[in-house]
Amino acid sequence: MLRRDSLQNLPEIMSTSVLRNLPSIDQLLRRDGVQPLIVSAGRDAVRDRLRDVLEDFRRELVGSNGHAGSLADAAALGEEIEQRLHSRFARRQQAQTQRVINATGVVLHTNLGRAPLSEAALAAINAVARDYSNLEYDLASGKRGKRGTGLETMLRELVGCEAAAVVNNCAAAVLITLNTLAEGGEVIVSRGELIEIGGSFRIPDVIAKSGARIREVGTTNRTRLSDYANAINEHTKVILRAHPSNYRVIGFTEKPALVELAALARQRGLPLFEDLGSGCLVDMNPLGIHDEPTVAQALKAGASVVAFSGDKLLGGPQAGIILGEAELIKRIKSNPLMRALRVDKLTFAALEATISAYLAGRAMAEIPVQAALHATKESITNRARLFIRRARKLNENLVLKLTDGHSVIGGGSAPETQLPTTLISLTSSQFSPDEMEEKFRLNSPPIITRIQDDKLVIDLRTISPDSEKEILTALAKLGRG
Ligand SMILES: *Cc1c(COP(=O)(O)O)cnc(C)c1O
């Protein structure tokens, strides 16, 4: 007992001189290096964080065995505390949601916020966010209206569905659809489609959460129409088809065409629900993407309901779009879960503006995701050449080269499709690739790159011309050390 006490007291004795020399909060607030923080974050916030820093510092001193000996003089202490204050604010700033430049060439990068929005979508968000809106107000009658009627009309025109509902994301769309149509009953799904999308979205788990039971049919690689037919019983409520977005089973495989499955479902009086995932609205075949059915194709083939994401190939805001037969959509909309999963006015505004571009036939020009996917290797090469010419003038320590490579669609879409691109590879006489990667990542704005064959590479496919200038500025800064 006695021994432990004396041991605990030892560091305290050793650091008392440091504690005595700690500057006061008021002294610290007067330091030159602290003034910019006061301007940006406000005096009260800086004072509060200084208290935190000092408290941590005291605790550390007490816990250390006189490590702070070197910091015994007041000037060094003030310096140290100021540094810690700055890193505290820097860490908080870094953790805040902010714009980053995606130089990875992954068009739908889930970690980087998936789809950047079109100018029209941004303008629409700005307009309805700034002022009041007709979110639930019918301008024609001057009475209460319903959310999303405008979007529903547009989607009907675009893909020929009877009705539409919008929820927070595609995971929510699958959940509410299955809960509405299959709660207490069985959902038939092929063993080849028991997928995990990432972020722990697993089809079997979502079926369980919807209150339905899963009825697996077929095998991982082969499921026949008769497997579905034989599994139908008095408990069956839905036949589910899930698009294996992020993987492919190749080789000895078989699955019924959607039309065949739809015919079976119709004949047995069951709804066929297809989780499309990406839900592209335009034909992707020209890009070499051959197994990403369009929404219109899925509906035409006879799916009763389809669900897909707003921020994958569609290129809009995060949302889950459910389309299909009016009677089924009506049931989904009156599910109490709808109130929990509904989207706000900003999402409606952005979605409508995005869909408008498709209706006008301008998606490829106006929607960043579509523009990035359709950018040719030639156009990227030309941009890369110009970029290199400029960069060389700004930083002599860099070796910049063009190399052939591939961009990736990402977002769990068409995993086997690679888009040919021209990469800019960077090597430096001053920094290793890892060091450069970090410097770019900690740049303002952050620039996210990738390392390939021990070189830092930049793919201009996912970079706007404005961002290109910011990368050049960062390159020049790198040259100055
Ligand atoms: C991506 C995906 C989902 C999940 O979509 P979120 O919009 O991210 O919730 C669901 N199903 C499939 C088939 C997908 O590809």
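Everything quoted here is computed from the prediction, not taken from an experiment. We count ligands from 1, going down the list as the structure has it; atoms in each ligand are counted the same way.
- Between Ser309 and ligand 1, an N or O atom pair is found at a separation short of 3.5 Å.
- Nearest protein heavy-atom neighbour of atom 4 (C) of ligand 1: Cys170 CB, 3.8 Å.
- Looking at atom 3 (C) of ligand 1, its nearest protein heavy atom turns out to be Lys312 NZ, 3.6 Å.
- Neither the backbone nor the side chain of Gln318 comes within contact range of ligand 1; no heavy atom lies under 4.0 Å.
- Nearest protein heavy-atom contact of atom 15 (O) of ligand 1 is Ser245 OG, 2.4 Å.
- A cation-pi arrangement is absent between Arg144 and Tyr137, since the terminal nitrogen or guanidinium carbon is not both under 6.0 Å from the aromatic centre and inside a 45° cone about the axis.
- Two residues are said to be in side-chain contact when any heavy atoms from C-beta on lie closer than 4.5 Å; Arg441 and Ile447 fail this criterion.
- With hydrogens and angles ignored, the 3.5 Å screen pairs a side-chain donor or acceptor of Asn233 with a backbone N or O of Ala231.
- Asn285 and His290 share a donor-acceptor pair across their side chains, judged by distance under 3.5 Å alone.
- With ligand atoms numbered from 1 in the order given, ligand 1 contributes 13 (C) to contacts under 4.0 Å with heavy atoms of His243.
- Of the heavy atoms in Glu274, none comes closer than 4.0 Å to ligand 1.
- Donor-acceptor pairing under 3.5 Å is recorded for the side chains of Ser464 and Ser467.
- Note on ligand 1: Ile197 sits in its first shell, one or more heavy atoms being nearer than 4.0 Å.
- At least one N or O atom of Asp275, backbone or side chain, sits closer than 3.5 Å to an N or O atom of ligand 1.
- The contact set between ligand 1 and Ala171, taken as ligand atoms under 4.0 Å from a residue heavy atom, comprises 4 (C), 5 (O), 6 (P), 9 (O).
- Ligand 1 lies less than 4.0 angstrom from a heavy atom belonging to Arg114.
- Other residues, nucleotides and ligands contribute only 12 or fewer heavy atoms inside 6.0 Å of the CZ atom of Arg362.
- For the residue pair Arg130 / Asn126, a side-chain donor-acceptor distance below 3.5 Å is found, with atom types taken as modelled.
- Under 4.0 Å is where a charged nitrogen must lie from a carboxylate oxygen, and between Asp404 and Lys377 at least one such pair does.
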